[in-house]
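Both backbone and side-chain heavy atoms feed into the values below; hydrogens, waters and symmetry mates do not.
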Amino acid sequence: PVHGPCRAPAVGELTSVVAMAPRQTKKAAAPAPVDLSKVEVGMKLQASSEGIYYAAEVLAVSDSKKRAKAPVKVHFLGYATEYDEWVGADRIRSKALRPEDATEKKPAKGDGKKGKKGEKKPERTPTEFDPYLQNRVNAQTLTQYIIESSKGDKQMAMLMNAIQHACKVVSNSIEKAGPAGLYGLAGNANATGDDVKKLDIIADDIWVECLKRSGVCGLLVSEEQETAIVVEDEALRGPFCVAFDPLDGSSNIDCNVSVGSIFSVYRRRSSNDKPCTVDDILRPGTDVIVAGYCMYGAATELVITFGSGVQRFALDPALGEFLFVSDTKMPVDGGKKIFSCNEGNSLHWDPPIVKFVESCKDDGYSARYVGSMVSDVHRTLLYGGIFIYPADKKSKKGKLRVLYEGYPMAMITEQAGGLASTGMFLGSIGRILEVKPEHIHDRCPIIMGAERDVKQILALYENQTKAS
């Protein structure tokens, strides 16, 4: 480029860091007025040489009368210092230097843009898709929520991201189960005696691998594993103990009914310099620090609590992100009159449970039972009512497991404003979260839902106790 002394610099005259500014292909238009009072040393602007503007930096500003016509000394960026020049207002330009009355006026809101022939173009007409697009762009992602909720705890953020990743992979596996031939039994039973489906094994492998590779877990308890998984490697060991049911309700998977994953998280109590022990997780649910479930249905939804309310997220498959849907709060008045239980076991129930279910029928309650705990509890949280899986004569402790079904669902229900009780269990009525598990696959009765309905059952138990 030619500027300064009106000659091209020789090769030897250039500095070693010559970064040639791109040459403009046409002469610049007449510059807008410049307010020299705003020029400061170090300011970046554009200065012209031979009618072409280049990036430059202000080296000095003179108020001497001798320099009245060229009061600003500039250095052309990328060129040797010998090309530094004193220039006048007619050779520099910058938006920051324009006087206020010379700035371009922005069109007011609502002013249509004029076309080539001067006609005004109509404003964009809103469509029914605008709320959908706005939500996808503006909604908080689960990743953002995790970062905020973990409050600087990087290990917690790593754990929760591993969990959401496991949920995404399981969701994808379920979607492809039919074409991939993954329906049906695997041919064996799990640690709790349930028949194992092919997808049970796949989901379990996904959860175990995601959690172990996160590097922040010390112990894992899965419904599909008879014993706890202890992370021995110190480099991969972390402070968290996670209990999970990788695929709850999998007996329904072959008929395409909603299923889910449930989890609860503890922080270990033993010393970090040794592997975890089972005692780190055999603790009451009041020690759980995070709980949640993921439901795989018409949509994939993840519901979690850090102990301060319940948040609901839905997976946008196109983005591969869970997006915030709403805070989840049970209806204050108890919501819809719905009872959810397996009446096929009613012959073995305690009298208070039988009496409550009969009263529901008399009072106009609707019966809704999917047979997948995640689906039934999810509906109960959103619509109201009660979910019951009590102890009976066949199963003295009930059927549902404490660590990875009872605790997480009870914590979520209570955080959403409901109640979660065992009913009469081991001689007393208590909260599910206060049950003390004897082993990793221990069970407990489940009575959870709206306060309106749960209290009715508890009152019936109390009356029975007084009568006896």
Side-chain angles (χ1 to χ4, degrees), residues 129-150 156-180 182-183 199-200 202-211 213-214 242 244-250 252-253 256-265 290-306 309-329 370 372-383 404 408-409 412 415-416:
F129 300 109
D130 285 356
Y132 166 71
L133 295 173
Q134 286 297 317
N135 184 63
R136 295 184 80 190
V137 173
N138 299 329
Q140 183 184 39
T141 67
L142 177 58
T143 303
Q144 292 171 324
Y145 177 77
I146 288 170
I147 294 171
E148 291 178 5
S149 300
S150 57
M156 175 60 74
M158 288 289 292
L159 172 66
M160 294 308 300
N161 275 304
I163 288 175
Q164 74 157 318
H165 181 64
C167 293
K168 293 175 185 177
V169 179
V170 171
S171 177
N172 181 260
S173 299
I174 291 172
E175 288 178 4
K176 298 179 178 179
L182 297 178
Y183 289 148
L199 277 170
D200 280 319
I202 292 172
D204 184 58
D205 288 343
I206 291 169
W207 272 79
V208 170
E209 286 303 309
C210 285
L211 292 174
R213 291 174 183 273
S214 71
V242 185
F244 58 93
D245 183 348
L247 200 60
D248 173 73
S250 58
N252 291 321
I253 194 70
N256 204 22
V257 170
S258 297
V259 293
S261 301
I262 316 173
F263 66 91
S264 59
V265 179
V290 184
Y293 64 83
C294 188
M295 187 177 73
Y296 314 109
T300 297
E301 293 197 7
L302 184 60
V303 176
I304 57 174
T305 178
F306 282 83
V310 181
Q311 286 69 43
R312 178 185 175 196
F313 298 82
L315 179 63
D316 187 327
L319 304 178
E321 275 283 4
F322 281 101
L323 302 181
F324 178 76
V325 175
S326 66
D327 291 315
T328 302
K329 196 76 175 175
V370 177
S372 169
M373 187 185 190
V374 168
S375 300
D376 286 315
V377 172
H378 190 68
R379 181 195 58 249
T380 302
L381 291 173
L382 298 180
Y383 295 166
Y404 42 82
M409 289 306 199
I412 290 171
Q415 286 296 320

Of the non-hydrogen atoms in [X] and [Y], which two are nearest, and what is the gap between them?
X    : Y    : value
L302 : C167 : CD1-SG, 4.0 Å
V310 : A416 : CG2-N, 3.7 Å
S150 : M156 : CB-CG, 3.9 Å
I262 : P408 : CG2-CG, 3.5 Å
A139 : L323 : CB-CB, 4.2 Å
T305 : G309 : OG1-O, 2.8 Å

Assign the ring pair W207 / F244 to parallel, tilted or perpendicular, where the plane angle (0 to 90°) is split at 30° and 60°. parallel

Quick one: pull up [atom1] in [X] and [atom2] in [Y] and give me the separation to the nearest 0.5 Å.
X    : Y    : atom1 : atom2 : answer
L142 : M160 : CG    : CE    : 6.5 Å
E321 : K168 : CD    : NZ    : 4.5 Å
D245 : M409 : CG    : CE    : 9.0 Å
C210 : L159 : SG    : CG    : 11.0 Å
T328 : Q415 : OG1   : CD    : 11.5 Å
S261 : L247 : OG    : CG    : 6.0 Å

Looking at [X] and [Y], would you say the former's side chain and the latter's main chain have a donor-acceptor pair under 3.5 Å?
X    : Y    : answer
S149 : I146 : no
D376 : V370 : yes
S372 : S258 : yes
D248 : V374 : yes

State whether the number of non-hydrogen atoms from other residues, nucleotides or ligands found under 6.0 Å of Y145 atom OH is greater than 12. yes

Dump the intermediate steps for side chain to side chain contact (heavy atoms under 4.5 Å, CB included) on H378 and Y293, then the final yes or no. CA-CA 9 Å; H378 190 68; Y293 64 83; 2.7 Å; yes

What do the steps show when you test I304 against F263 for side chain to side chain contact (heavy atoms under 4.5 Å, CB included), and what is the final call? CA-CA 9 Å; I304 57 174; F263 66 91; 3.9 Å; yes

What verdict does the side chain to side chain donor-acceptor pair (under 3.5 Å) test give for S250 and D200, after you've listed the backbone C-alpha separation in whole Å, the side-chain angles of each residue and the deciding distance to 0.1 Å? CA-CA 7 Å; S250 58; D200 280 319; 2.9 Å; yes

Run M295 and V303 through side chain to side chain contact (heavy atoms under 4.5 Å, CB included) and show every step you take. CA-CA 8 Å; M295 187 177 73; V303 176; over 6 Å; no

What residues form a salt bridge (Lys or Arg N to Asp or Glu O under 4.0 Å) with E301, not counting sequence neighbours? R312

Qualifying residues under salt bridge (Lys or Arg N to Asp or Glu O under 4.0 Å), relative to E175, sequence neighbours excluded: none

Do I202 and V170 come within less than 4.5 Å of each other through their side chains, counting heavy atoms only? no

Tell me every residue that passes side chain to side chain contact (heavy atoms under 4.5 Å, CB included) with T300, counting only those two or more places apart in sequence or in another chain. S171, C294, Y296, L315, F322

